Number of protein chains: 2
Amino acid sequence: MAQAAARRNGGKQSRIQTENRALIMQAALDVFSTDGYRGATVDRIAERAGMSKTNLLYYYPSKEEIYRSAIEQTVEDWLDPFAAIDPDGDPIEELRRYITIKLEMSDRYPEASRLFANEIQRGAPLVGEFLQTRLKSLVDEKAAVIRSWIDEGKLAPVDPYHLVFTIWATTQHYADFEVQVQAILGGQAKKPGFNEQVAHAVLSILLNGIRPR
Amino acid sequence: MAQAAARRNGGKQSRIQTENRALIMQAALDVFSTDGYRGATVDRIAERAGMSKTNLLYYYPSKEEIYRSAIEQTVEDWLDPFAAIDPDGDPIEELRRYITIKLEMSDRYPEASRLFANEIQRGAPLVGEFLQTRLKSLVDEKAAVIRSWIDEGKLAPVDPYHLVFTIWATTQHYADFEVQVQAILGGQAKKPGFNEQVAHAVLSILLNGIRPR
DNA sequence: GTCTATATCCGGATAGAC
DNA sequence: GTCTATCCGGATATAGAC
């Protein structure tokens, strides 16, 4: 048993284990993000990961555990840059940095973005509690920061919560609705420099919208 | 055969047929929008529509046809207000009106919004062609209108396409990520006046972002 | 660690009675 | 128009050989 072996040598995994688990996670992101939890099949995930279904189930005990693992990883990655918004930094610069990072994440990990979107649209059966506890308090905290920036006259008076929602919505749109964006923009959405164009446009609209006037 | 009967009396449906079809469509929106196409089951749709699976399959020949019907209806409804943007109107007022209508639609028909989002995230197997043809030319047309507004100095110089994406993203966010919004805002997202609060916040950010300065 | 075979269940769709 | 019964394919998960 690999698990037993791993336990024996202090929780460490063999090289092949680490590799296979990484392969499975990437495949899981791909499949779950397009087909959803219920629509995804272990077979497809295994195929994408380049191994047999039974072999995959040797690494993860069940479909649900694969999903849980993928979504927990995604959630952690999402939180970091938001938590990093600095109350003592320049408001416009802090938000510019956050928006830029989120756009980069949407570009580099669109499957993760879609996986999370799918989980929320399903009614968040797995991350529901997380939303109401950790995420809520973090947003409350950052909303207070934004409010204080507004009170100091450094930002236009906008509702902090809806500002956060607006940032999330716009930045994730380029991952979640990638197909639509490409259908409308055609080839240019593939060209180099497209990401900079997106960043410029989004930043220009949002930052102008909240700059004090 | 009901279809034969309908054909005989000139395409009209009996009262019970019309009712049942409406029940099925609403149930289909509910189930497909949360579980996705693959994850949805005819059984669940039937249960939600208050009839047996076989009875449902009497009205629609297959799961795919139910889905197609639901998504086509949704797409048509989505297009109307966008097409209604008037080149001769006041730019800010036209966009204000469009954003307001889209927010209302997200509030009243969140399942339709999520159904469409899900279809796009799956890679748009059904509406892909629609996106590349009808939607693309409509967006091209409206982008030209926005560009002319900018050239006349009536709007700040923003990329018209990304402005459209930004509007779509923000307005649909309140439907697609409803659970997250509620988790973070708690009870206030249910209170009367919430929609007005959302509209005010979104309009304030977006319109300030594109008002000429 | 990986494979073949299989138990078990569920979902879509049809046949045919009423 | 609606129901019961049923076929069949596909999906999760396990047993056991190598």
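Since we're looking at a predicted model, the values are computed, not measured. Just so we're on the same page: letters track the sequence lines, and every chain starts at 1.
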Once you round it to whole Å, what is the distance between [atom2] of [N] and [atom1] of [X]?
X       : N      : atom1 : atom2 : answer
B/Tyr60 : C/dT14 : OH    : P     : 17 Å
B/Leu23 : D/dG1  : CG    : C1'   : 14 Å
B/Asn20 : D/dC3  : CG    : C1'   : 14 Å

(request) Ignoring the backbone of A/Ile16, work out which of C/dG1, D/dG1, C/dC3 is nearest its side chain. (result) C/dG1

(request) Starting at the 5' end of nucleotides 6-18 of chain D, put B wherever the base has a protein heavy atom under 4.0 Å, S where only the sugar-phosphate does, and a dash everywhere else. (result) -----SBBBB---

(request) Taking atom types as modelled, find out whether A/Tyr109 and A/Asp77 have a side-chain donor-acceptor pair closer than 3.5 angstrom. (result) no

(request) Mark yes or no: B/Lys136 above the aromatic ring of B/Phe130, with NZ or CZ under 6.0 Å from the six-membered ring centre and no more than 45 degrees from the axis. (result) no

(message) Cation-pi check for B/Tyr60 against B/Arg68: NZ or CZ below 6.0 Å from the six-membered ring centre and within 45 degrees of the axis, yes or no?
(response) no

(message) I need the minimum non-hydrogen distance between B/Ile66 and B/Met25, along with the two atoms involved.
(response)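 Minimum heavy-atom contact is O-CE, 3.6 Å.
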
(message) I'd like to know if B/Glu119 pairs up with B/Arg122 as an ion pair, taking the criterion as any Lys NZ or Arg NE/NH1/NH2 lying under 4.0 Å from an Asp or Glu carboxylate oxygen.
(response)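 Yes, B/Glu119 and B/Arg122 are salt-bridged.
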
(request) I would like to know whether A/His162 and B/Val198 meet side-chain contact (heavy atoms from CB on, under 4.5 Å); could you show each step before the answer? (result) CA-CA 7 Å; A/His162 293 293; B/Val198 170; 3.6 Å; yes

(message) Strictly below 4.0 Å: does A/Tyr59 bring a side-chain N or O up to OP1 or OP2 of C/dT2?
(response)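 For C/dT2, OP1/OP2 do have a side-chain N/O of A/Tyr59 under 4.0 Å.
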
